[in-house]
Number of protein chains: 2
Amino acid sequence: MQLSESLQDYLEAIFIVIQDKPVCRITDIQKIINVSKPSIVNALSILKEKKLINQQKYSYITLTDNGKKEASNIYCKHLAIKELLINLFDFDKKSANTLACEIEHHFCKKTVQIMKTMTENIKKHPNLKKKLLKK
Amino acid sequence: MQLSESLQDYLEAIFIVIQDKPVCRITDIQKIINVSKPSIVNALSILKEKKLINQQKYSYITLTDNGKKEASNIYCKHLAIKELLINLFDFDKKSANTLACEIEHHFCKKTVQIMKTMTENIKKHPNLKKKLLKK
DNA sequence: AATTATAATTAGTTTTAATTAACAAAGTGA
DNA sequence: TCACTTTGTTAATTAAAACTAATTATAATT
């Protein structure tokens, strides 16, 4: 699908909003991505072109099936990275979120899967973390 | 100093070239960062403004003291990330390099230090890696 | 229903980082 | 030393992603 990083961010934001409620508005996106409304409108028009979202003028935004699939992939990566940052690197939630956003686009599925495994094992066996970080 | 990601990349490239030989030329940078020469010339003019490099027209590029310091910081991050990708995530050298380039700008010193420690411990105690990645 | 407030859009601009084409300087070999 | 190759520079464009200001549509309130 080859979306730019910023378009991936917009799609991910919509996905996050829609987890809680059925539809999404531009103001919802603005609360997540801190940019001006025209920037969002512009991004949405591209996502619409790519058939990842549905939106009629001045109205709600929803994800197409394709859009859901793409967004979910992106968000899964995000979560895996965030979890590792929290559980291994002792990031607080907010910083973990920020950094995950910044780097998530660059990781392949395989690497993300390894991160998930690592997080699980660290949670299961707390000694592992101690040994890893021992100086 | 607040350099953009791309300017950091240029500075880092110069640093890498200068590890092997006393000066750097635009063609050397081009071998590392795959862009056109005018792009490099333009980046250099900004780095010059910021007093991070010295360059007289049609001639060599060297790093100022400040430039060396900045570049070395960036490159240290790069190395730490690359090493972890190789030793824990089983990346080959080239892929590790590519990914490190993409994400290095986003990591703080502290996190990078943790990565270094992790890499050392994994090298010392191979069992650690097995336990971390066990499914 | 009219007014006001909120939300979305359009138009035009800026910044960053890249490009190609054309040109200029430096280096090299006969 | 002159021609040729390599290297570096300039100028003019392009594209992505942001912005502000002004406008329009929708929703809410009295």
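Heavy-atom basis, side chains included; hydrogens, waters and symmetry copies ignored.
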Undergrad: Same cluster or not: are I61(A) and V23(A) linked, directly or through other Ile, Leu, Val, Met, Phe, Trp or Tyr residues, by side-chain heavy atoms under 4.5 angstrom apart?
TA: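 The answer is no; the residues belong to distinct hydrophobic clusters.
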Undergrad: Measure OH/Y58(A) against P/dT10(C) and give the value in whole Å, please.
TA: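 About 6 Å, once rounded to whole Å.
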Undergrad: Using a heavy-atom cut-off of 4.0 Å across all strands, would you classify Y10(B) as base, sugar-phosphate, or nothing?
TA: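 Sugar-phosphate, backbone atoms only, no base.
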Undergrad: Over how many whole Å does the gap from I40(A) atom CD1 to dA18(D) atom P extend?
TA: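 In whole Å, dA18(D) P lies 9 Å from I40(A) CD1.
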Undergrad: List for me each residue that meets side-chain contact (heavy atoms from CB on, under 4.5 Å) alongside K124(B), sequence neighbours excluded, and say none if there are none.
TA: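 In terms of side-chain contact (heavy atoms from CB on, under 4.5 Å), with neighbours along the sequence ignored, K124(B) is linked to N121(B).
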Undergrad: State whether S4(B) places a side-chain N or O below 4.0 Å from either non-bridging phosphate oxygen (OP1 or OP2) of dT16(C).
TA: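 For dT16(C), OP1/OP2 do not have a side-chain N/O of S4(B) under 4.0 Å.
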Undergrad: So what does S59(A) hit on the nucleic acid, given a heavy-atom distance under 4.0 Å: a base, only sugar-phosphate, or nothing?
TA: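 Result for S59(A) = nothing.
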Undergrad: Rounded off to whole Å, could you give me the CG-to-P distance for the L44(A) and dA7(C) pair?
TA: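 From L44(A) CG to dA7(C) P: 16 Å.
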Undergrad: Atom CD1 of I29(A) and atom P of dT9(C): how far apart are they, to the nearest Å?
TA: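 Rounded to whole Å, this separation is 10 Å.
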Undergrad: So, OP1 or OP2 of dG8(D): does either fall under 4.0 Å of a side-chain N or O from T27(B)?
TA: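 For T27(B), the contact criterion (side-chain N or O under 4.0 Å from OP1 or OP2 of dG8(D)) is met.
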Undergrad: Calculate, to the nearest 0.5 Å, the distance between atoms CD and CD belonging to Q8(B) and Q2(B) respectively.
TA: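 Here the interatomic distance stands at 11.0 Å.
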Undergrad: Just the rounded figure in Å: distance from C1' of dT5(D) to CZ of R25(B).
TA: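 About 14 Å, once rounded to whole Å.
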Undergrad: Would you kindly give the NZ-to-P distance between K37(B) and dA18(C), to the nearest whole Å?
TA: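 After rounding, the gap between these two atoms is 16 Å.
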Undergrad: When the distance from CD1 of I33(A) to P of dA17(D) is rounded to whole Å, what number comes out?
TA: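 In whole Å, dA17(D) P lies 12 Å from I33(A) CD1.
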Undergrad: Hey, what's the ring geometry for Y75(A) with H78(A), parallel, tilted or perpendicular (30° and 60° as the breaks)?
TA: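 Answer is parallel, since the angle falls under 30°.
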Undergrad: Reckon S39(A) touches a base, only the sugar-phosphate, or nothing at all at heavy-atom distances under 4.0 Å?
TA: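 Answer is base: heavy atoms of S39(A) come under 4.0 Å of a base.
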Undergrad: On DNA chain D, nearest-nucleotide positions of I46(A) versus N42(B): which is more 5'?
TA: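 The residue closer to the strand's 5' end, by nearest nucleotide, is N42(B).
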Undergrad: Give a yes or no on this: more than 12 heavy atoms of other residues, nucleotides or ligands lie within 6.0 Å of atom CG of N34(B).
TA: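 No, because the 6.0 Å sphere around CG of N34(B) holds 12 heavy atoms or fewer from other groups.
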Undergrad: Output the single nucleotide from dT26(D), dC19(D), dT9(D) whose closest atom is nearest the side chain of Q55(B).
TA: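 Minimum distance to the Q55(B) side chain belongs to dT9(D).
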Undergrad: Could you give the CD1-to-P distance, from I61(B) to dG8(D), as a whole number of Å?
TA: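 From I61(B) CD1 to dG8(D) P: 7 Å.
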Undergrad: Pick the closest DNA chain D nucleotide for K48(B) and for V35(A) by heavy atoms, then say which residue is nearer the 5' end.
TA: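 Going by which nucleotide is closer to the 5' end, it is K48(B).
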Undergrad: Would you say K57(B) reaches dT10(D)'s phosphate, i.e. side-chain N/O to OP1/OP2 under 4.0 Å?
TA: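 Checking K57(B) against dT10(D): at least one side-chain N or O falls below 4.0 Å of OP1 or OP2.
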Undergrad: Is S6(B) near enough to dT16(C) that one of its side-chain N or O atoms lies under 4.0 angstrom from OP1 or OP2?
TA: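 No, because none of the side-chain N or O atoms of S6(B) sits under 4.0 Å from OP1 or OP2 of dT16(C).
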